[in-house]
Amino acid sequence: MSDWYQKSVKEVLKELGTDPAQGLSSREAAERLKRNGPNELVERGIKSPWAILWEQLTGIMVVILFIAAIISIFLHEYTDAVVIMVIVVINAILGFTQEYRAEKAMAALKRLAVPTVRVRRDGKVHEVPARDLVSGDIVVFEAGNVVPADCRMVKEFNLRVQEAALTGESEPVEKDVAAIERADAPLGDRHNMAYMGTQITYGRGNGVVVDTGMNTELGNIAEMLQTVGREPTPLQKRLDQLGKKLAVVVVFLVGIVMALGIVRGEDFGVLFLTAISMAVAAVPEGLPAVVTIALALGAQRMLKQHALIRKLPAVESLGSVTVICSDKTGTLTENKMTAVILDVADDRFDLPAMNQDGAAECADPELTTGNPAIHLLLAGSALCNDAVLKADGTTSKCYQAIGDPTEGALVIAAARFDLDKFILDKIFPRKAELPFDSERKRMTTIHRFPVSTPETPEPVQSGWVEAVRNGTPSSYVAFTKGAVDGLIGISTQIWVNGEAVPLDDAWRKRITAANERMTGNGMRVLGLALRPIQNRDLEQLSESVENDLTFVGMIGMIDPARPEARESVAISKTAGIRPIMITGDHPLTAAYIARELGIYSSGPVLTGPDVEKMSVEEMERVVEDVNVYARVSPEHKLKIVTALQNRGEIAAMTGDGVNDAPSLKKSDIGVAMGITGTDVSKEAADMVLLDDNFATIVAAVKEGRVIFDNIRKFIKYTFTSNSAEIWVMLIAPFFGMPLPLLPLQILWINLLTDGLPGLALAVEQPERNIMNRSPFHPKESFFSRGLGTHIIWVGLLMGAVSLGVGYWYWANGRADWQTMVFTTLTMSQMAHAFAIRTGVDSLFTIGVFSNRAMFASVLITFILQYAVVYIPALQGIFSTVSLPPVDFIVTILMSSIVFITVEIEKWFYRRKAARGAFSG
Ligand code: ATP
C-alpha cells in the first residue's frame with residue numbers, strides 16, 4: 001500500500017487502529033511484531049554457514065588439492081589420495097570454524113549498531129530498537145534522527161527531512177500533514193510522508209508508521225540502511241595482491257625443483273605431487289581470512305573498551321592514525337557544566353560552589369541579589385532553554401537537570417535564586433522558537449508576557465518584569481541566548497538599570513573585556529538578549545527576529561577537563577599522533593582547556609571565520625602548526641580534514657551533529673558520540689564512542705595497532721616458514737640430494753604450522769612499546785621495519801639447519817635422513833613461533849605461558865609430529881621412520897638454533913632502541 005499520502009491523518013490513524021496521544025498498547029505492538037515480522041531489511045551483510053562452507057570448499061587451493069587427489073588415484077597412489085582428502089577436510093573445518101566465529105562476532109556488532117527510536121506506547125514515550133517498530137506505532141522525531149520506517153506525518157513543527165538517499169534531492173524538504181490529492185505523486189512530492197533511511201535535519205514532529213522492513217520504499221529498492229562493511233579491507237586487498245605476486249614466484253621456483261628432479265630422473269608422479277604440495281604450502285592463501293578474523297575479534301575487544309566499530313576497515317586504519325581531531329565539550333571535558341559568574345551591565349555576581357551529591361548538585365542557603373537585572377538574566381536563560389529541572393524531594397537545596405548540560409547549568413543557576421523553570425514556563429508560556437544550531441551558535445524563544453502578575457512568586461516579580469513590560473509595550477518578548485561574540489553583533493541596546501540604552505563602543509568594549517576575562521579562564525560563556533515582539537512577527541517567524549536586540553548579560557560556566565583525557569593526550573603524543581581540538585566554543589576557552597590537557601602550549605588558534613576565509617591550499621600550509629580550532633561550524637571541519645589529508649595525515653575526527661556527517665565520512669576514521677550523537681552522525685561514522693570519551697579513541701588506536709602488529713607477526717611467521725620449505729626443496733638438488741621432503745610431509749607441515757601457531761599469534765598481547773613508536777602508514781610496505789630482512793635470513797637459516805641435519809645423515813647413509821629434515825623443520829617453525837611472539841622483548845620477559853593459545857598449539861603440534869614419526873600406521877602414510885631418542889633430541893637442539901638467533905636479533909633491536917634509533 002503506498003497511497004497513505006492521499007489520506008487524511010484521521011483516516012490513516014483509523015485504518016491503522018492507533019491513537020496519536022496514546023500510541024499502540026505494548027501488547028498490540030508485540031502481536032503486530034509477531035504477525036508482520038521485524039522492521040529490518042533483508043540482511044546482505046551476514047553470510048550463512050552454508051555460504052561459508054561453500055567458500056571454503058571452492059577456494060582455489062582446495063580445488064588444486066582435490067585435483068591432486070584425483071591424479072593420485074590415477075597414479076594408483078591411493079594412500080596419498082586419501083590423506084590429501086583428509087587434509088582438505090581438516091583445512092575446511094578449521095577455516096569454517098574460524099570464519100564462522102568471525103561472522104558471529106560481526107553479527108553481534110551489527111545488532112549493537114541498530115539505532116533506537118522513541119515511540120509512544122501505552123500513552124508514554126519509550127525508547128525501543130528500530131527493528132521492533134510495527135505499523136501503527138507513533139514515532140517521535142527530532143533533528144538528527146534517521147527515519148526508522150515509512151511514516152505518515154501526524155504533527156510537525158518546522159520539520160525538514162533530507163531525502164537524498166531516496167530521491168537524490170540534496171536540499172532538505174519541508175514536511176506538513178495535509179493529505180495530497182494527486183494520485184501517483186512521486187516520492188519527492190509526498191510532503192506528508194517520512195521514509196525509512198531519510199534524515200531529519202531540523203525541527204520536531206510525530207509520525208505514524210505505515211510500512212516496515214522490506215515493505216518500505218527503501219526495502220523496495222533493496223538498499224541497505226546500513227551495513228557493517230563486508231567489502232575486503234584495504235589491507236586484505238593488498239595482501240590479496242601480494243599473494244598473487246607470490247604465487248607467480250612460487251610457480252617459478254616449483255618449476256625449477258621439477259626440472260632439476262626430472263634431470264635427476266626422479267619418479268614423475270612423485271615430482272608432480274611434490275610440485276602441487278609445494279605450491280599449496282608456499283602460497284599464503286589463508287592470509288585474507290586471518291585478517292578478517294583478527295579484525296573481527298579485535299572489533300569485539302574494542303567494544304569492551306566502549307568503542308563500537310561500524311565498518312571493519314576502521315579497525316586497521318585506526319592503527320595508522322596520525323592526527324585525532326576531537327570535539328571539546330563532553331569528549332575532552334566532562335560536560336558537567338556549572339554556572340559560576342553572572343555578569344550584567346553594572347554588576348557581577350560570583351556564584352558559590354555547589355557540592356556533588358550523586359547526580360544532583362547541592363548548595364545552601366538560597367541565593368539572593370538585590371539586582372533585578374541578574375534576575376532577568378537568569379529568568380531569560382531558564383526560559384530560552386529546553387532542559388528540565390528535576391524536583392528533588394530533600395529539604396536541602398539539591399538540583400538536577402535533564403537535557404543539554406549547558407542548558408541544565410542555567411536552569412540550576414536560576415533555581416538557586418528561587419526561579420523555578422517550571423513556574424517560569426507557566427507564567428511566560430513559550431509561543432514559538434528558533435532552535436539552537438551550531439552554525440548560528442544561538443537560539444531564540446518567544447514568550448507571552450502576563451497581563452499582570454499578582455500571584456507570581458516574589459523572585460519573578462523582583463522589578464524586572466515590570467521594567468521589561470514598560471520598555472516593551474508589546475505582549476511578547478523574545479529571548480535569545482548564545483555565543484557572546486555573535487550576540488553583540490546583533491544587539492543595538494543594552495539593559496542598564498532597568499532600561500534599554502544604546503549599545504555604544506564603550507559598552508561593547510566592556511562586554512568583550514568581561515567575556516575575555518571569563519573565557520580566558522576556561523569558562524564557556526553564554527550571553528542573553530531580549531527583544532519585544534509584535535503579533536505579526538510571531539506568525540512569520542524567521543531568523544531575522546534575531547536582530548536589533550537588547551543585550552542583558554552573560555553567564556560564565558565551568559566544565560572541567562576529563563582527568564583521563566590528559567593522560568590519553570600524553571599517550572597519543574608519544575605514539576606519534578597529534579591531538580587537535582576543534583570546538584564551537586570561544587578561542588580563549590578552547591586554548592585554556594587545550595593547554596590544561598597538553599594539546600596546546602603556544603602558537604596560533606584558528607577560528608571558524610579564519611578557516612572560512614582560507615582556501616584548502618592555504619589551509620594546507622598552516623594545518624601542521626595548528627592544534628586548536630575554535631568557533632568552528634561543522635562545514636569548517638570538512639575543510640580542516642581535507643587539508644590534513646592532503647598533507648598526508650591519517651585523520652580520525654569526532655562529531656555529533658547532523659551537519660558533522662560529511663566530515664565524518666571524509667575523515668579516515670569518523671568517530672560519532674554514542675551518548676550525545678545524533679543517528680545521522682552515527683550512521684556516517686566508522687566508529688561510535690559509547691562513552692563519548694577521548695580516552696576511548698586512544699584506547700581504540702592502541703587496539704588497532706595491536707591487531708595490525710599481530711597480523712604482521714602472522715605474516716612474519718608464515719612467510720618465514722614457507723620460504724624455509726622452499727629453500728630446503730630448492731637447495732637439496734644442488735648438493736646432489738634426492739627430494740628432501742615428500743609431498744605429504746610438505747602438506748603436513750603446511751597444515752600444522754600455518755594453522756594453529758599462526759592463529760595463536762593473532763591473539764598475542766600488546767608489545768611494551770606499542771604506543772611509543774610512530775604509526776604505520778597504510779601504504780607503508782609490509783616488509784618495512786626489518787620484516788622483509790627477517791623473513792629472508794631466518795627462512796634461510798631454518799632451511800639451512802633442517803637441510804644441514806638431513807645432509808649429514810644422508811651423507812652417512814642413514815635411512816632416517818628425510819624424517820630428520822621433516823622433524824627439524826617442524827620443530828624450527830615452532831621455535832620461531834615462540835621467538836617472534838614479541839618483536840623486541842625476550843620471550844622470557846613476557847613469559848613462556850603468557851599466550852596460552854600459543855603454548856597449547858605448539859604442544860599439540862609437538863605431539864602430532866611425534867605421532868607421525870613413531871606410530872607405525874602413520875609411518876606408512878608419511879614415509880617416516882622411528883628416530884632413535886638421541887636423534888629426536890638432535891632435532892630439538894638444532895631447532896633451538898633458530899630460537900636463539902632470533903632472540904639475539906631482538907637483543908640487538910633492544911640495544912638500538914635504548915640508543916633511541918629503533919622505531920619499529
Ligand atoms: P564542541 O564542538 O567542543 O563539542 P560544542 O559542541 O559545545 O563544542 P556547540 O554546541 O556547537 O559547540 O556550541 C558552540 C557555541 O554555541 C557555544 O560556545 C555556545 O556559545 C553556544 N551554545 C551552545 N549551546 C547552546 C545552547 N543550548 N543555547 C545557546 N547557545 C548555545
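We count ligands from 1, going down the list as the structure has it; atoms in each ligand are counted the same way. Positions are given from 1, in the same order as the sequence printed here.
Side-chain contact between K665 and P662 is absent, with no heavy-atom pair separated by less than 4.5 Å. Counting heavy atoms from C-beta on, the side chains of M557 and V340 never come closer than 4.5 Å.
In R524, the part holding a heavy atom less than 4.0 Å from any atom of ligand 1 is the side chain. Using a 4.0 Å cut-off between heavy atoms, N385 makes no contact with ligand 1 at all.
Which parts of ligand 1 touch S438 is read off a 4.0 Å heavy-atom cut-off, strictly below it: atoms 11 (O). Which parts of ligand 1 touch A483 is read off a 4.0 Å heavy-atom cut-off, strictly below it: atoms 20 (O). Heavy-atom proximity to L526, at under 4.0 Å, picks out these atoms of ligand 1: 19 (C), 20 (O), 21 (C), 22 (N), 30 (N), 31 (C). Atom numbering of ligand 1 starts at 1 in the shown order; those under 4.0 Å from a heavy atom of M443 are 28 (N). For ligand 1, the atoms lying closer than 4.0 Å to a non-hydrogen atom of D404 are 27 (N). Near F436, meaning under 4.0 Å from any of its heavy atoms, are these atoms of ligand 1: 10 (O), 13 (O), 16 (O), 21 (C), 22 (N), 23 (C), 24 (N), 25 (C), 26 (C), 28 (N), 29 (C), 30 (N), 31 (C). Interface atoms of ligand 1 facing K481, defined by a heavy-atom separation under 4.0 Å, are 26 (C), 27 (N), 28 (N), 29 (C), 30 (N). Shown in contact with G482 at under 4.0 Å from a heavy atom are these atoms of ligand 1, numbered in order with element: 29 (C), 30 (N).
If you check the side chains of T445 and E433, you find no donor sitting under 3.5 Å from an acceptor. Side chains of D668 and S317: a donor-acceptor N/O pair is absent below 3.5 angstrom, by distance only. With 3.5 Å as the limit, one finds a donor-acceptor pair spanning the side chains of E703 and Q305. Side chains of N693 and E564: a donor on one and an acceptor on the other come within 3.5 Å. Side-chain N/O atoms of T696 and D691 include a donor and acceptor closer than 3.5 Å. Judged purely by distance below 3.5 Å, without hydrogens or angles, the side chains of D692 and T676 pair a donor atom with an acceptor atom. A donor-acceptor contact closer than 3.5 angstrom links the side chains of R524 and T406.
Of the polar atoms of T583, at least one N or O is found under 3.5 Å from an N or O of ligand 1, judged by distance alone. Considering both main-chain and side-chain atoms, T406 never comes within under 3.5 Å of ligand 1 through any nitrogen or oxygen pair.
Using a 4.0 Å cutoff on heavy atoms, V484 does not count as a contact of ligand 1. The closest approach between R631 and ligand 1 falls below 4.0 Å for a heavy atom of the residue.
For atom 21 (C) of ligand 1, the nearest non-hydrogen atom from the set K441, K328, R440, E407 belongs to K441.
G584 O, 3.6 Å is the protein heavy atom nearest to atom 15 (C) of ligand 1. Annotation: atom 4 (O) of ligand 1 to nearest protein heavy atom, T329 N, 3.3 Å. From the protein, the heavy atom lying nearest to atom 18 (O) of ligand 1 is D585 OD1, 2.8 Å.
Taking the six-membered ring wherever Trp is involved, the centroid distance between the rings of Y476 and F428 does not fall below 6.0 Å.
Geometrically, R595 does not engage Y600 in a cation-pi contact, judged by NZ or CZ lying under 6.0 Å from the ring centre and within 45° of the ring axis.
Distance remark: protein heavy atom not present below 4.0 angstrom from atom 6 (O) of ligand 1.
Side chain of H306 to main chain of L689: no donor-acceptor pair is present (N/O by atom type, distance under 3.5 Å, no hydrogens or angles).
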